[in-house]
2 protein chains.
Amino acid sequence: MREHRQDTRSRIQDVALDLFTEQGYEATSLREIAERLGVTKAALYYHFKSKDEIVTSFMEDRAATLERLVAWGQAEPRTDEMRREFVRRYAAELTEGRHYRVMRFLERNQTALRDHPKSERVREVMYSVFELLSEADDPLPLRIKSSLALFAMHATWFIAPEQDYSDEEREGAALQVALELVDAVAADRQPTG
Amino acid sequence: MREHRQDTRSRIQDVALDLFTEQGYEATSLREIAERLGVTKAALYYHFKSKDEIVTSFMEDRAATLERLVAWGQAEPRTDEMRREFVRRYAAELTEGRHYRVMRFLERNQTALRDHPKSERVREVMYSVFELLSEADDPLPLRIKSSLALFAMHATWFIAPEQDYSDEEREGAALQVALELVDAVAADRQPTG
DNA sequence: GTCTATAGCGCGATAGAC
DNA sequence: GTCTATCGCGCTATAGAC
């Protein structure tokens, strides 16, 4: 939830995140961000050293949160119930703060962020997330299903965008599908129960 | 499969498609494309009126192919078996020509192509594809699963990229998961058989 | 069909006043 | 903390020779 009163630094982050996601990082100029805030480009440079550093500032938070969640998962036994609880926690955190918007920004600017250090950090920790949901000897179809569980939680926005589902409905349905997928993978691993 | 001998126009398309997908549309300059081909920027302008028109040229083929497939599906009765056959045809076409590369280019340049007419045409026909896989009264979780079936076929490249699965293994596994998902959706619709 | 040369523009970033 | 003014660059695109 965005605060009603924010300092300038935080307002720059919010406007930039929205514009970068909507139009793309490269297609969004600092002039546009400044204009929407009612200031000039030069003012932005008081708060951030560069355009790149605006991105860094909100990616850092996402990377740290994901790393904490992965640390929790790695300390737990690798059971089916751990995986269910992991997915629940992942979904819950995604709805807090700027996390969902940052993931959407990342997905839609994969190429522009290809060599960005923070982007690589998020990609690496997402790979650890994927590893947590997988077993070493899972065949490829099971790996794909585990990945789709993660993707389901990120992608609610592109499902039936014209229909008026509430955010809560979308989040709930996405979590349900994600849990069904990890359950299906668990069942596939032990066909005899 | 790319031909060994190509005319210059076709070579420009291939190099541009690869660079646009790898680095992003906006981040790729005509100078880079020209250099990789061993010609100058001005030479590209003999074959294409603008940078935008290079994109248009390979998106047109993708849109037309998708529209033909959707026309087939819309003429068929909306049965479970039609949906299975539709997914099989979709997967088969994706492996031909430049289709898979064009979809990857689209996914990775969503923002840059936001207002591109051909991109909107592909988005619209993808929405018709989604409609074909859905029933009017499908609840949200079923809609999400149907979408994931499509996504599975596009996303094999991000699954375990470091492992050496062959293209055939990836395509086969993705098709299998997509079919399992449409079957699961069909089963959810008729829990009593 | 490809070249050299350049026009014209918007960008990220900086300097220095207030 | 925000402003005006400007620098330098790389880009898309075009003109015209060969």
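These numbers come from a predicted model, not from an experiment.
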*Does a salt bridge link Glu22(A) with Arg108(A), judged by any charged N lying under 4.0 Å from a carboxylate O?*
no
*Can you tell me the distance, in whole Å, between the CD atom of Glu35(B) and the P atom of dT2(C)?*
16 Å
_As a test of your reading of the structure, name each stem of DNA chain D as range with range, where a stem is three or more consecutive Watson-Crick or G-U pairs at under 3.5 Å._
C:1-18 with D:1-18
_Side-chain N or O of Tyr46(B) closer than 4.0 Å to phosphate OP1/OP2 of dT2(C)_ = no
_Whole-Å distance separating the CZ atom of Arg11(B) from the P atom of dT2(C)_ = 9 Å
*With Asp183(B), which residues qualify under side-chain hydrogen bond (donor to acceptor under 3.5 Å, both in side chains), at least two apart?*
Arg84(B)
*asked:* From CZ of Phe48(A) over to P of dT2(D), roughly how many Å is that when rounded to an integer?
replied: 12 Å
*Using side-chain hydrogen bond (donor to acceptor under 3.5 Å, both in side chains) as the criterion, list what pairs up with Glu124(A), not counting sequence neighbours.*
none
*Those residues that, when tested against Tyr90(A), pass ring-ring contact (aromatic ring centres under 6.0 Å, His included) (two or more places apart)*: His154(A)
*asked:* Going by the rule salt bridge (charged side-chain N to carboxylate O under 4.0 Å, His left out), which residues pair with Glu180(A) if we only count those two or more places apart in sequence or in a different chain?
replied: Lys145(B)
Taking distance alone, no hydrogens or angles, what donor-acceptor pairs closer than 3.5 Å link side-chain atoms of residues 32-49 of chain B to residues at least two apart or in another chain?
unit_1: Glu32(B); atom_1: OE1; unit_2: Ser29(B); atom_2: N; d: 3.2
unit_1: Glu32(B); atom_1: OE2; unit_2: Gln23(B); atom_2: NE2; d: 3.3
unit_1: Glu35(B); atom_1: OE2; unit_2: Arg31(B); atom_2: NH1; d: 3.3

_Test side-chain hydrogen bond (donor to acceptor under 3.5 Å, both in side chains) applied to Glu120(B) - qualifying residues, sequence neighbours left out_ = none
*To the nearest Å, give me how far apart CD1 (Ile12(B)) and C1' (dG1(C)) are.*
11 Å
*Applying side-chain hydrogen bond (donor to acceptor under 3.5 Å, both in side chains), name anything that partners Thr21(A), two or more places apart in sequence or on another chain.*
none
_Across nucleotides 4-18 of chain D, 5' to 3', mark each nucleotide with B, S or - according to how protein heavy atoms within less than 4.0 Å reach it._
B------SBBB----
